[in-house]
Amino acid sequence: MKTPVNKEIASVLKRIAVYKELSGENPFKVRAFENAARSVEMHPEEVAALSDKGMLETLKGVGKGVAEVITGYVRSGRSSELETLRSAFPDTIEELFTVPGMGPKKVRAVYEKLGVSSVGELEYACTENRLVTLEGFGEKTQTKLLKAIEFIRLQGGLHLLSDALGTAEEVIGTLKNSAIRDIEIVAAGSLRRGKTTFKDIDILVVEQDGKNRESLQKTLLSLADENGVIASGDTKISVRRRGLQIDFRIVSPGSFPTALQHFTGSKEHNTILRARAKRMGLKVNEYGIYRGDEPVYVSSEEDLYKTLGLEYIPPELREGDEEVRLSEKGELPDLVKAEDFHGMVHVHSSYSDGSNSIEELARECAALGYSYLCISDHSRSAYYAHGLSEGRLGEQADEVRRVNEALSPFRMFCGIESEILGDGGLDYPDEVLEELDFIIGSVHSNLAMSKEEATERLLRAIENPYLTILGHMSGRLLLSREGYRLDEERILEALQKNGTALEHNCNPLRLDPDWPLLKRAKKMGILVSVNPDAHSIEGFSDMRYGVTMARKGWLEKKDVLNCMTAGEIDEFFKRRKKKTSV
DNA sequence: GCCGTTTTCGGCCCGACTGTTTTCAGTCG
């Protein structure tokens, strides 16, 4: 039997919570399962292993009851608890929860009263006008559900960081250029926390006074697609724009710090903070902090955290994991910043499948303020990408030397993105690899592998002394392709042992590996190289996603390979090469 | 079901909006 990954165990717990809620179970028990699911999902190591060691209850939110469920599932691949709960309902009932507006009470009502147990049936019941007769439902609910079903049919519901950021910036730009004066507009929510995929975006509008409220509301509503107004209240307006839901909140300057904190979330982070405030005799909500009825003044988000006895917690860390506990002790990392990066690593030129020449890339990179560029075109087996033959590799090296002389002190390093072949070998003989400054090894073909095969393949590549950086480790494409399964622990141990760096590929379609793995790598002292995998000078701007993900993975300047200066990384490459010649 | 700087029982974050109600339940974040 395959050992289940954390996501899978978390999904079982989440579904138990859903069915318990459907069955009318005590809401706090429901939440206990939700919390446990969250905790399992966030846990950096394999929870299945904890289960084998009988150490599940060391996880926050996991007690005797949940531990039993997990153990049962890890042993047998099934959960009798879940199966018992599910047996009272048809299999398809879970999909009803994907319709916005359908919660446990409504799902239960349509199922019990109308026999509706799938999205299709719900749609049909709506068009047949059958929902209006149900208690608690009415004309408007029915229309709204139909619209919501149409919406989820049109698009899967999730969006990439790059899309979400693009839409947010466009909306913020539009509002700033609008006739409305005296407003401040800031993105909050998961966008500010730097998640990888998005259901919606949250935007805070700070209003100096209420004078322009009406025209402000009108402007916000005008951003909606046709039929795209979801909610329109005094201080909260939700619209759909280009398939993305945007939630606007209007707040006064006085409550800005608490509102920003509140709407940045996460829900779990806020719950921990609120509970802490309560213990301190304080109450926190989006409008302010209160001791009894007395407001406690806070000037900024920093001040808010200080009032709660905490060091400022950067938004990227606010996932309700261990950040509050560490903040209390003053042990949060000093997160890496965009200006800490000195070099651009993993860039393709027109020698393989890039669209710019070596010199164009170098000049642009220098203009952006970087002091070096590590070029790495595709290797010879990558026919589809015009991978470089040994001869072409030599030509490229000559050109790099010429550009280096012309642009000094800007530095270019000459490397390759070598295919990791099916057997884990690299793509050129050692004497060719020997000539290069660095080698990134990546898997692009034969992706259908078992966990064992994929792990062995990568391990063999990591053991190769010429490998400098392991490229896009999981092979995932966000929203379209799951990565191959790997024994992550063994891969990390091999990287650590060999002093090989781990790439975080910050192409917005990849963001690979995911940030929790970066956090694990950091703890093991593995260097992370934040790479745009750029195929043109436009691709350089993807570094912004990389900076966010590095921060989300708790990385500091010292943890990042391309935060080294040109001299330092030159030394690093040379040191590694020396190792190969011994 | 979980948890503990008011602890082994009695709580469990808090508020906006909507729609169906006629004072509030359900959903959402």
Side-chain angles (χ1 to χ4, degrees), chain A residues 13 16-17 20-21 24-39 56-70 81 96-110 131-145 147-148 188-191 193 195 198-204 217 229-239 245-251 255 258-259 261-290 308-309 320 324-325 328:
Chain A
L13 298 175
I16 290 176
K20 278 193 183 293
E21 204 165 13
E25 177 68 275
N26 172 357
F28 293 111
K29 287 193 188 180
V30 172
R31 223 175 60 197
F33 275 92
E34 285 169 353
N35 288 342
R38 171 95 200 156
S39 179
L56 284 171
E57 286 175 58
T58 58
L59 278 178
K60 210 170 144 35
V62 176
K64 221 172 148 218
V66 173
E68 248 171 57
V69 171
I70 298 178
E81 171 107 22
L96 287 176
F97 287 93
T98 63
V99 181
M102 290 296 287
K105 298 278 160 45
K106 288 207 156 68
V107 168
R108 195 170 168 186
V110 296
L131 257 62
V132 289
T133 58
L134 287 186
E135 198 181 325
F137 288 74
E139 189 89 35
K140 285 196 172 167
T141 308
Q142 188 170 272
T143 315
K144 211 170 133 180
L145 288 175
K147 256 199 237 171
S190 44
L191 195 58
R193 297 203 314 280
K195 298 285 274 192
F198 298 81
K199 267 205 325 243
D200 54 34
I201 52 189
D202 297 278
I203 293 181
L204 269 192
Q217 286 168 321
V229 176
I230 300 164
S232 167
D234 254 4
T235 59
K236 180 182 167 181
I237 288 178
S238 291
V239 301
Q245 179 170 333
I246 309 180
D247 296 330
F248 293 103
R249 298 295 295 238
I250 304 171
V251 302
S255 54
T258 41
Q261 196 288 319
H262 175 85
F263 293 114
T264 297
S266 64
K267 204 165 63 174
E268 291 75 14
H269 176 83
N270 286 357
T271 305
I272 295 171
L273 235 51
R274 297 267 170 81
R276 180 186 177 85
K278 208 168 172 178
R279 281 200 303 274
M280 297 172 70
L282 296 168
K283 189 179 82 165
V284 182
N285 61 27
E286 58 258 59
Y287 300 109
I289 302 191
Y290 308 88
L308 297 177
V324 176
R325 193 167 48 79
E328 189 175 31

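Values below: all heavy atoms of this structure, side chains included; hydrogens, waters and symmetry mates excluded. Below, chain A is the first sequence line, B the second, and so on; all start at residue 1.
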How many Å lie between [atom1] on [X] and [atom2] on [N], as a whole number?
X	N	atom1	atom2	result
A:Phe263	B:dC17	CZ	P	9 Å
A:Arg38	B:dC12	CZ	C1'	18 Å
A:Glu81	B:dG1	CD	P	7 Å
A:Phe97	B:dG26	CZ	C1'	13 Å
A:Asn26	B:dG1	CG	P	9 Å
A:Lys267	B:dT27	NZ	C1'	11 Å
A:Asn270	B:dG15	CG	C1'	12 Å
A:Glu21	B:dC28	CD	C1'	12 Å

Checklist entry - Now, which nucleotide makes the Watson-Crick or G-U wobble pair with B:dG26, with each of the two distances under 3.5 Å? => result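 Base partner found: B:dC17.
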So, does [X] get its side chain near the phosphate of [N], meaning an N or O under 4.0 Å from OP1 or OP2?
X	N	answer
A:Arg31	B:dC13	yes
A:Lys283	B:dG15	yes
A:Thr141	B:dT18	no
A:Lys278	B:dC12	yes
A:Asn285	B:dG15	yes
A:Tyr290	B:dC13	no
A:Lys29	B:dG1	yes

Next on the checklist: Starting the side chain at C-beta, find the nucleotide from B:dT27, B:dG15, B:dG29 nearest to A:Tyr287.
Outcome noted: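 The answer is B:dG15.
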Item to check | Nucleotide of B:dT18, B:dG1, B:dG26 approaching A:Ala32 most closely (side-chain heavy atoms) | outcome: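 My answer, after comparing the listed nucleotides, is B:dG1.
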Describe the nucleic acid contact of [X] in one word from base, sugar-phosphate, nothing, applying a heavy-atom distance below 4.0 Å.
X	value
A:Asn35	nothing
A:Val30	nothing
A:Pro104	sugar-phosphate
A:Ser238	nothing
A:Met102	sugar-phosphate

State whether the side chain of [X] and the backbone N or O of [Y] hold a donor-acceptor pair below 3.5 Å, judged by distance alone.
X	Y	result
A:Gln217	A:Gly233	yes
A:Arg276	A:Leu308	yes
A:Thr271	A:Lys267	yes

Checklist entry - Taking side chain as C-beta onward, heavy atoms only, is A:Phe137 less than 4.5 Å from A:Lys106? => result yes
Item to check | Residue pair A:Gln245 / A:Ile230, side-chain heavy-atom distance below 4.5 Å | outcome: yes
Item to check | Separation of the P atoms in B:dT20 and B:dC28, to the nearest angstrom | outcome: 15 Å
